[in-house]
Structure formats: structure tokens, C-alpha cells
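One structure is given here, and the rest of the page talks about it.
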2 protein chains.
Amino acid sequence: MELERIDSVPASYPMIGGESPHSYSKNSSHQGRLIEASKDLINEAIEVNLDIETTCLSGTIGIADLGCSVGQNTFVAVQNVIEAIKNKYLSNSQNSQSLEFQVLFNDHSSNDFNTLFRSLPPSHKYYAAGVPGSFYHGLFPKSSIHFVHCSYALHWMPQVPKQVLDRKPSTWDKNNIHYLNASGELHDAYSAQFNNGMESFLNARAEELAIGGLMVIVMPGVPNKSILSEIAPAMSFGFFESCLAEMVKQEYISQEKVNSFYIPHYYPTSEEFEALIMQNGNFSIERMGVLNKRMSNIALSIEMAVGTVRAAMDVLFKEQFGDEATDQLYERYAMKVAENFHLFESKIREHEDLFVILKRRKN
Amino acid sequence: MELERIDSVPASYPMIGGESPHSYSKNSSHQGRLIEASKDLINEAIEVNLDIETTCLSGTIGIADLGCSVGQNTFVAVQNVIEAIKNKYLSNSQNSQSLEFQVLFNDHSSNDFNTLFRSLPPSHKYYAAGVPGSFYHGLFPKSSIHFVHCSYALHWMPQVPKQVLDRKPSTWDKNNIHYLNASGELHDAYSAQFNNGMESFLNARAEELAIGGLMVIVMPGVPNKSILSEIAPAMSFGFFESCLAEMVKQEYISQEKVNSFYIPHYYPTSEEFEALIMQNGNFSIERMGVLNKRMSNIALSIEMAVGTVRAAMDVLFKEQFGDEATDQLYERYAMKVAENFHLFESKIREHEDLFVILKRRKN
């Protein structure tokens, strides 16, 4: 499939100021920009690809946001979807029944649903529900969903590959915490695990999505044919890897702790992703592209680079290394970012996010 | 309608020991017993009153627990319902499609859904969702629910009647915090508010329940023709009223704080409740009775009496009087209970809970 380059991002996003380095608003601004960047594409997908008469037949439309987390991003995303569906439905003057929307906010049961529920926009015009559980399993009744949104969540694999956890540290670089800077063997293990996870994910969604229903996936990817160790996430993980090695040397943490620590993220190329969807067979690819101009016009800072990583990785690091060592790790990481800021910044600007629109095929 | 006395409660419920006076297990044991007491009645209602073929037509059955709170009670209740529906469905050997259940756990958005989700039974065989919001409004899409369970939640009115909050304290007893010990005027205001609330509740449920769907309501009631000031809740509220009057006298709290404090609970008689349902017109009453032997065989204690009230009222009291005065209030309340224990105990044993099964009429 010819890969489309989607340059839909408005020219400028001002930084939201005045908040602490760890606060949500600052640390999910990256994800928030993705939602903005996806907006027109989603509107277009609904306009062009959604079977509106089938979708609206019962009068109730199910929308799921998978990996919704907390904060305004998820509310903005689902509101966009609702508006677009309403607009398409009402553009046919024959349509007059009033539509009801049920929005199912999904995330792990460890997600802070209390905060999510308390921050629901007071003016929301849909039935809201929180659905706890992993999206690698079934979450909703058969054919009950008409639109799935999943943004920046699918790169979290269901778990670190078993063969990685079982390995003898000496066989691979003992300080690697991710495949991007490691040997091909580690990459293969991650890749196999991601493939399995995607197969489970797609099969679960195939059950839940009504025929003709759409699914939008946004996730970090790597450009086809790129050298993995040269992309921004590799540089970022590399900083962590050297920080951890230093901390072992200085006896703040044990080598064993590092040996058994892996970040369960996978960044597919669009070719890889396309092959997985084709192989699964339940969905047609309606559109696939990269959101490649997303970062080109915003101010980057060391604080932002650290904050974004911290907000996403904090629980993972702290579980393995404890609170104190993790705080020290961020300090050291910030120094590495500072020392290499120009190179790091340029790599981040080249980072690509995949944008995919799938449609549930007829069986 | 002839009121049925339902004596279905097994003879003995041992107290769950070894937990602190404020702990959940102890303080929701009353509600837990009600769920046990309702079990056979619910099974019977599903067996006799549920239109199983219509309910199971799509293969997905929606079950809602309104005012679910946290803890095991809600899980036990919905599991009972699921088993009973499955049994009835499978008792017809023609039925072979596999059923899917979606359970919607509802409570205010201030409920601790995080704890609820984390305590979901690992073996649960249904799609679980949390639905935040007041059950005096719509919560679910049209006709999406087949069975509603609402236990010990409907006596919480949507709010204290406006004319009560607006009143000049001198016109009614300034120390009353509830209608049960007060003038008829206060009762009338509460009663009007409860009627309005019930009308909203029933109208919302009429939209959501599929035709033929069932709703089970369990709530504290008062026996028809009883003298309100002589029932157990009146005695309990009376203790609080004298404690608060003492605390005003001793200048721990201000008279103004007491003047503006009301407990938004209403306890209808079965006659009142029946009239409201008839007037609404959307539901037929399939069964109505009182669970009157519930408390007859269990050991009561001062700690239990205080704990049950505290678990339910804590937020209400603390919001009005602050943490310290509320703690003192419980201490004084416990002393009143101790001083009057035999009388209080005998009144509690006479307490009645209403049990009602409604069926959504055809329009």
C-alpha cells in the first residue's frame, strides 16, 4: 500500500504555560496535539467511510476510547467523533430520529476512573461509562460499538516477551532496556510479541465493532527502512540505558535490577502494521499515513522532554527501582538530554506517528 | 393492593467478626443481608415474570445496579441475577445461543469507582462498566437494559426540599434534622420532594428498560398506619437531634449549623409507594412486600448501630459540622444508643424494608 503523508497539523501550537513539570496538562500536550492533528482526518473518515444508515439504525451509537487515561484529551476526542457522526446523519434531510450516544471510556482497572468521571464535561450530551480492563481482551458485547478511537496506547504491549525475561543477560547487551538499541534477537522477540498482541487486539475489536464500523488508531511508529538506533526513541532509551549503567557502577542500583527491566513498548513501521492487519483479515484499511509535521512548529524544552517520558513511564520505573533511584534517574536523564539537546530535538522533529483508519469487514 | 409479607430470610446470619467499627464489611452487613434475603425472591421473579425470549433475543442482556457503592454486595447481587436469567433461558432446550451480559454499575461520580473496579471478582463472566451519575436522571441508552437492581439507595432523595431549606427555623422545631420527629408540615415537604424524585426516577427507567424488563427495588419503608415518631429511624434521628442540641448548648457548634442541616432520606409506606408507581403508569407491580424477618435472628450491638449509621452518613455530617464535631457527635450518639439499647433494639427488630418487583409495561 502506498503510504500517504498527512500534513494536516495547523501551523502553530502555543505551549500551555504556568504548570509544574509533572502536571498532566504539560505532559499530555503531545497526545493532545495528536488529537487535534487527527480531528480533520477523523471527520473525513466518518464523512467518507462510515455507513451512516446502518450505524444509526437503532438510534443508539456506541463509541469507545481505548486507553483513555485521564484528562481532557479523551473528552475532546470523543466529542469530535460525535459531532462528525451527527453532521453526517443530519446532512441527509430524510433523517430525523434523535440519536443517542453511549461513550465507553476504557483503560486498565488501575487507571484513575474517579478523576476521569469527576472531570467529565458538565455539558456532555452522551451516556458515559467507564470500562476497566485490557484492550487485548474483549471489553464490550458483540457488535455493540460503531466507532473505536485508540490514540497513543497500542505501543504498550500486553507484556514484555517471555523469552526476553527468561534470557541469560550475557547473551544480549546487559544494559539494554528496550530493543531499539539492542541486537536483532531482542527486536525479533519484541516484534513477535507485538504481532501476537495485535492479533488479540484485532480479534477482540472484530467481535465488538458492528459491520461497517470504524476504528481509528494513532500510535508512534518508525519510518520504513530507517536505522532503528538512529530514531528519537532510541536516543531517549539510550540516555536511560547509560544513566542506569552509571547508577550500577556507582552502586545506587544492582546490575540484576537492570538486567530484568524492559520497557514494553513497540514502534512498528507502517509496512509491518499493514501486514498485521491484512493477515488478521477482519478489517479493511481505509486510510493509512503518518502525522509527520506534528512537532515541526512547537517549542521543545528539556523539561518537556523529561516530563512527557516521566508521565508515561513513572510507574514502570518506580516498580523496578523504587522512588528514590527513579527520581535520580530522571535527574541524570535530564542532564543527558541537556548535553545532547540539539541532536535530540532534531530527531524528535523527525519522529513519525502512524494514523490508520480501519473498517470492520462483512464476515 | 394486598401487601404480602415475605418471610424468606434464612434463620441465622453470623456476624462477621474481627474488623474495625468503621470498616466496610461490618457496616454494609445490613445491606448484604438484604441482598441475601432478596435472592430467592429475585430468582422467582425472573422465573415467573421475565419475558425470557424477548430479553435474550439479541444475545446481549443489560443489567444495571443503581447506587452500587463499593464492595462485594453489588457483585453478589448481579451474579444472582445473571445465574437466574441463564437458568431460565437454558431451561428451554430450544435455546442454544450463548448469552452475553453487560453489567452497568451506577453510582454518583463521587463514588469510589477505582476501588469498585479493582475489586471486581477475577472470575466474573460479564462485561463490566461503571456509570457515574444520579439515577434521578437518564443513565443508559433507550431500551438497553433488561434488569434493574436498586437496593438501599432510593431513600436518598435527590436533595433536601427547597421549602425546607428556605424556611424560617422558628416555624418548625429548630432542632429537627429530619421529618420523622417533626411537624406534619416538614413531612409534607419531604413527601412532595420524594414524589417528584420518584417520578423522575421511574420516567428515566421507563426509557431505559426494554419492554418486559424487570426492576427490583429494596428500600427502607415504614409500616402502613404506623406512628412515625415511634419507629426505629425516628428514634435514631431523635438521638442525633438531642446530641446536636446539647452540642449547641455547650457551644461546640452553632444553632445556625443545626438549623440548616437536614438528612435527605425518605421512608415511604408501601401504600404510598404503590400509589406513586400506579400514578406514573409505566410499570406494572408484579410483587410487593416487606422483608420483615430480616433482623430477627442476628445479634445487635451498639457498635453495629453506630457503624451502620456512620458508614452511610459520615460525608453528610462532616460537610456540615466538620470532622471534629462529627466525631464527637458519634460518641454522644453511641452513649444515647447504649442508654436506650433495649428499646432501640426492639424497634430495630420491627423495622421493615420494602421489596418491589416492577415490570416495564408495553407503551
Side-chain angles (χ1 to χ4, degrees), chain A residues 55-66 68-70 75 82 97-135 137-146 204 207-208 210, chain B residues 55-66 68-70 75 82 97-135 137-146 204 207-208 210:
Chain A
T55 300
C56 299
L57 197 63
S58 77
T60 299
I61 292 138
I63 296 171
D65 189 28
L66 307 183
C68 63
S69 190
V70 288
F75 305 132
I82 290 173
Q97 87 170 308
S98 69
L99 299 180
E100 292 191 316
F101 293 88
Q102 184 172 43
V103 178
L104 299 125
F105 296 99
N106 156 258
D107 212 314
H108 286 283
S109 59
S110 57
N111 184 49
D112 187 357
F113 282 97
N114 287 352
T115 299
L116 183 78
F117 287 167
R118 286 165 202 172
S119 58
L120 267 166
S123 62
H124 73 278
K125 294 273 196 313
Y126 48 81
Y127 298 108
V131 174
S134 161
F135 52 51
H137 301 281
L139 295 165
F140 319 110
K142 220 166 267 179
S143 306
S144 64
I145 305 292
H146 303 88
E207 287 290 310
E208 299 160 358
Chain B
T55 300
C56 299
L57 197 63
S58 78
T60 299
I61 291 139
I63 296 171
D65 189 30
L66 307 183
C68 64
S69 188
V70 287
F75 304 133
I82 290 173
Q97 88 170 306
S98 69
L99 298 179
E100 291 192 316
F101 293 88
Q102 184 172 44
V103 178
L104 299 125
F105 295 98
N106 157 258
D107 212 313
H108 286 284
S109 59
S110 57
N111 184 49
D112 187 357
F113 283 97
N114 288 351
T115 299
L116 184 77
F117 287 166
R118 288 166 202 172
S119 56
L120 267 166
S123 61
H124 72 278
K125 295 274 196 312
Y126 47 80
Y127 297 109
V131 173
S134 161
F135 52 51
H137 301 281
L139 296 166
F140 318 111
K142 217 166 271 179
S143 306
S144 64
I145 305 291
H146 303 88
E207 286 290 310
E208 300 161 357

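The structure presented is a predicted model; accordingly, all values stated were derived computationally and were not measured. Throughout, protein chains are lettered first and strands after them, A, B, ... in sequence-line order, and every chain is numbered starting at 1.
Only the backbone of A:Asn111 comes within contact range of chain B, with heavy atoms under 4.5 Å apart.
Atoms CG and OG, from A:Asp107 and A:Ser69 in turn, are 6.0 Å apart once rounded to the nearest 0.5 Å.
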Review point. Between A:Ile63 and A:Phe101, does a side chain to side chain contact (heavy atoms under 4.5 Å, CB included) hold up when you go through it step by step?
Key: CA-CA 7 Å; A:Ile63 296 171; A:Phe101 293 88; 3.7 Å; yes
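Looking at B:Ser109 and A:Leu120, their side chains never come closer than 4.5 Å, going by heavy atoms from C-beta outward.
B:Phe105 approaches B:Ala128 most closely through the heavy-atom pair CE1-CB, 4.0 Å.
No other option in B:Thr115, B:Leu139, B:Leu116, B:Asn106 has as many heavy-atom pairs under 4.5 Å with chain A as B:Leu139. Residue with the most contacts toward chain B among A:Thr60, A:Asn114, A:Leu104: A:Asn114 (heavy-atom pairs, distance under 4.5 Å).
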